[in-house]
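Only one structure is covered here, and it is reproduced in the block below.
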Amino acid sequence: MNRKNALAAAVAAALALGTVTVAATQSTAATRAVAAAGDSTARPGAGFRAMTADARSEAIRTAGGNAAATAGELGLGPAERLVAKDVLIDVDGTRHVRYDRTYDGLSVIGGDLVVHLARDGGITGSDLAHQGAIRIAGTTPKLTAADASAAAVKHAKHVKNPKAGGRDSSTLVVYAVGKTPVLAYRSTVTGAGEAGAASREAVIVDASSGAPLDRYELHQNVTGTGNGVTAGQVSIETTQSGSGYTLTDPAHGGTIIYDSYHSPQSNPKQNARTFSRTTNSWGNGTTSSRESAAVDASYGLAKTWDYYKESFNRSGIRNDGRGAPAYVHVDTNLLNAFYDDDCFCMFFGDGSSQNGNTPLTTLDVASHEMSHGVTAATADLTYSGESGGLNEATSDIFGTMVEFYAGNAGDPGDYYIGEKLNMSGGYMRRMDNPSADGTSLSCWTSGAGSVDVHHSSGIGNHFFYLAAEGTGAKTIGGRSHNGTTCNNDTFSGIGKDKAAAVWYRALSAYMTSTTNYAGARTATLQAAADLYGANSQERYLVSRAWAAVSVGTALPDPGTGTPTPSPTTPPSGNALTNGSFEQGTGSWTQSDDIITNSTLQAARDGSWYAWMMGYGAAAVESLSQSNVAVPATGAPKLTFWLKVTTQESGFTAYDTLKVKVNGTTLATYSNANAGSGYVQKTVDLSPYTGQTVKLEFAGVEDAYLSTVFLVDAIAIG
């Protein structure tokens with residue numbers, strides 16, 4: 001195939017995947033990321049390619065068109081249909097298509113799945129909440145809907161004085177969470193509970209016998225006894241309307257903050273009204289102004305949106321650019337906040353006399369609730385059993401990450417949840433040592449699925465802390481942390497940003513509604529392999545963090561083989577200066593901003609590395625160091641670590657990186673060398689023994705499709 005035909009094929013493939021390649025306009029790491037991702041504004045994260053809303057919609061439509069063929073390839077039954085829910089595309093063109101499943105027109109609880117496809121559209125793997133085809137005796141129930149509602153009331157356990165009703169009523173479904181699918185009813189029961197006088201509980205009963213199959217709260221709550229906090233003096237996005245302003249955030253999908261005006265929790269929109277002012281100054285920092293809680297909510301939701309956008313290219317809860325409305329001042333004396341996927345909205349109570357009537361609109365609470373929505377839009381983890389614990393842990397994890405991201409001096413990042421609420425113990429939950437609160441689990445046990453999801457979440461929280469920070473005592477955000485383990489192991493973490501990228505990729509690409517802790521281990525190990533390589537230290541340390549909370553065992557250490565040079569500690573006798581770039585640009589000459597510590601890519605170790613090419617447009621770059629003294633004895637050689645990722649296909653060298661000494665090319669690498677991680681390269685320097693030379697890395701990229709060359713840990717000896 002000649003180059004023009006190859007381009008035409010590549011363009012066709014890109015259109016099929018809903019991507020657009022753009023030319024670089026400036027040579028920075030961010031620009032290179034834009035070119036590789038095909039989005040002029042978004043930054044890639046967790047290995048996924050950015051997509052516009054139109055491209056995402058088209059990708060979902062394409063997946064829907066392929067649903068029947070996909071169901072056939074997966075061996076699903078003739079009564080089953082797949083409904084496309086979301087599509088994620090990796091930088092290399094790999095697709096992850098998330099489907100919901102129906103059976104004879106009925107929703108299947110536990111029927112969701114993710115199908116993984118290569119760039120050419122071939123299925124490479126799948127993750128199913130329920131393995132194999134659905135088989136049930138029939139879809140005619142023995143019980144009526146009224147019978148099911150009565151049975152649901154009888155079996156409700158999360159609410160007191162229950163009654164059937166709610167907008168869901170009793171709906172016929174197929175329940176496929178266990179090994180044997182059954183025809184069932186899903187009912188909504190209301191009554192007094194943790195979420196207040198109108199708490200809602202989902203109860204699923206067998207459609208033949210009325211026996212309970214599952215039950216869980218519909219409100220995903222953050223509850224506690226303590227003082228809320230405000231964000232302090234912050235900037236918020238508003239909208240001017242005539243001569244006044246409203247708390248409508250146009251920069252974050254049109255998110256609107258409403259004053260529920262103490263509407264009952266059973267109907268929190270009943271008295272709702274918009275916040276409006278003639279001046280663009282809101283609240284006074286205390287509860288004497290109703291606007292103060294609204295400022296906290298607006299700030300927290302905006303920071304959460306920005307974190308997901310900048311870290312993972314996610315545009316809002318459902319990745320569709322749409323903001324979810326939020327209601328503050330819900331009910332009276334309500335010590336609760338929750339997200340409701342049915343109405344795609346969030347609710348925040350004012351607290352009670354137990355916490356000085358301070359609204360529950362802290363930064364980590366707001367981001368916790370919005371993250372419940374992200375979970376609902378991705379893995380949709382069932383809110384019961386171990387899946388429910390993972391659901392809660394996910395919100396705690398990203399609530400914590402947003403706290404770090406926001407950098408608010410009045411609320412610095414830490415691994416305590418609700419620490420600003422002034423709880424009796426000083427916090428709601430602790431990720432470094434969950435069991436310190438006396439109820440949460442730090443270690444997995446066989447009974448974890450029977451524990452309240454807010455307490456079994458401790459296992460996932462503990463894993464994340466250890467994966468991010470490692471073991472041992474340290475002070476973070478002014479608070480004491482102690483990374484204890486369940487197996488007395490000690491190890492270093494991979495850093496919170498990498499750990500979050502692993503969790504997000506696992507959540508969005510591999511987890512399903514029934515994923516348990518063992519399944520989460522499998523999903524995160526695969527995510528770590530995708531992002532950092534199957535033999536990476538990151539993947540190995542993720543496995544050690546899981547073992548440290550009693551989930552599985554650690555993988556073999558990939559670093560126990562032949563010792564390799566450490567980028568942060570150059571090998572003895574290295575003739576190069578700053579070969580690992582940890583001193584920044586010192587001693588190197590670069591044609592542009594090549595040496596970087598950008599988190600858009602990863603150094604092999606340390607923080608700094610050289611990022612060459614990746615524009616998706618014609619470009620030339622050079623990185624060099626002069627006056628390098630090649631050793632006069634032995635067999636001198638150049639060693640370095642190289643990682644190549646590309647949008648190109650096949651083995652033709654369209655984009656190249658050449659290693660030159662005194663202008664002579666000694667080695668050439670190209671898009672054909674693309675792989676999943678860093679690979680050590682060696683170049684013979686014997687012809688230059690005893691000489692002083694100029695070492696140069698020279699990159700050339702053609703006009704179509706991008707290739708990124710990452711270089712680290714360069715040594716001559």
Side-chain angles (χ1 to χ4, degrees), residues 32 533 535 562-567 570-571 573-581 587-592 594-596 601-605 608-615 618-702 705-717:
R32 284 188 280 255
N535 294 318
T562 303
T564 57
S566 168
N574 187 2
L576 284 169
T577 303
N578 190 27
S580 295
F581 307 113
S587 72
W588 290 97
T589 299
Q590 54 182 345
S591 60
D592 221 311
I594 294 172
I595 298 173
T596 180
Q601 299 281 0
R604 183 177 183 274
D605 279 317
W608 291 77
Y609 57 98
W611 180 341
M612 301 191 70
M613 315 316 300
Y615 297 101
V620 175
E621 284 188 335
S622 173
L623 176 68
S624 65
Q625 188 171 143
S626 300
N627 301 317
V628 179
V630 178
T633 59
K637 61 184 178 181
L638 165 72
T639 60
F640 61 97
W641 289 84
L642 175 66
K643 179 180 179 180
V644 183
T645 57
T646 187
Q647 292 180 333
E648 303 282 6
S649 59
F651 298 98
T652 302
Y654 299 124
D655 310 315
T656 61
L657 179 70
K658 296 183 177 181
V659 178
K660 298 182 178 182
V661 171
N662 291 343
T664 300
T665 299
L666 301 185
T668 300
Y669 308 94
S670 74
N671 49 275
N673 299 110
S676 60
Y678 280 93
V679 178
Q680 191 175 41
K681 303 295 183 181
T682 302
V683 178
D684 181 24
L685 296 182
S686 295
Y688 303 94
T689 299
Q691 298 181 32
T692 298
V693 301
K694 176 184 178 181
L695 171 67
E696 180 185 10
F697 291 84
V700 178
E701 189 170 1
D702 71 1
L705 304 178
S706 69
T707 300
V708 173
F709 299 94
L710 304 182
V711 181
D712 204 351
I714 309 171
I716 291 179

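Here the structure is a predicted model, which is why all the values come from computation and not from measurement.
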If I take atom [atom1] from residue [X] and atom [atom2] from residue [Y], how far apart are they, to the nearest 0.5 angstrom?
X      : Y      : atom1 : atom2 : result
Ser587 : Phe581 : OG    : CZ    : 8.5 Å
Tyr688 : Leu666 : OH    : CG    : 5.0 Å
Phe640 : Lys681 : CZ    : NZ    : 7.5 Å
Ser624 : Leu695 : OG    : CG    : 8.0 Å
Gln647 : Asp655 : CD    : CG    : 10.0 Å
Thr707 : Glu648 : OG1   : CD    : 5.0 Å

For residues [X] and [Y], report the shortest heavy-atom separation together with the two atoms involved.
X      : Y      : value
Ser626 : Lys694 : OG-CG, 3.8 Å
Ile594 : Ser622 : CD1-O, 3.4 Å
Trp608 : Ile595 : CE3-CG2, 3.8 Å
Ala674 : Thr645 : CB-CA, 4.4 Å

Answer yes or no: is there a side-chain heavy-atom contact under 4.5 Å between Asn673 and Val679?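 In short, these two side chains do not touch, never coming nearer than 4.5 Å.
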With heavy-atom distances below 4.5 Å as the criterion, would you say the side chains of Leu685 and Ile716 are in contact?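 The answer is yes, as the side chains (C-beta and beyond) meet within the 4.5 Å cut-off.
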Please walk me through it: do Trp588 and Ile714 pass side chain to side chain contact (heavy atoms under 4.5 Å, CB included)? CA-CA 12 Å; Trp588 290 97; Ile714 309 171; 3.8 Å; yes
Side chain to side chain contact (heavy atoms under 4.5 Å, CB included) between Leu623 and Val711, worked out: CA-CA 10 Å; Leu623 176 68; Val711 181; 5.7 Å; no
Restricting to side chain to side chain donor-acceptor pair (under 3.5 Å), what partner residues turn up for Thr633, sequence neighbours left out?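 In terms of side chain to side chain donor-acceptor pair (under 3.5 Å), with neighbours along the sequence ignored, Thr633 is linked to no residue.
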Step through it carefully: locate the ring centre of Phe697, locate the ring centre of Phe709, and say whether they are under 6.0 Å apart.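 No.
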Please tell me whether Tyr609 and Trp641 form a close aromatic pair, meaning their ring centres lie under 6.0 Å apart.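 Between Trp641 and Tyr609, which both carry aromatic rings, the centre distance is not below 6.0 Å.
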Got more than 12 heavy atoms from elsewhere within 6.0 Å of NZ, Lys637?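 Open.
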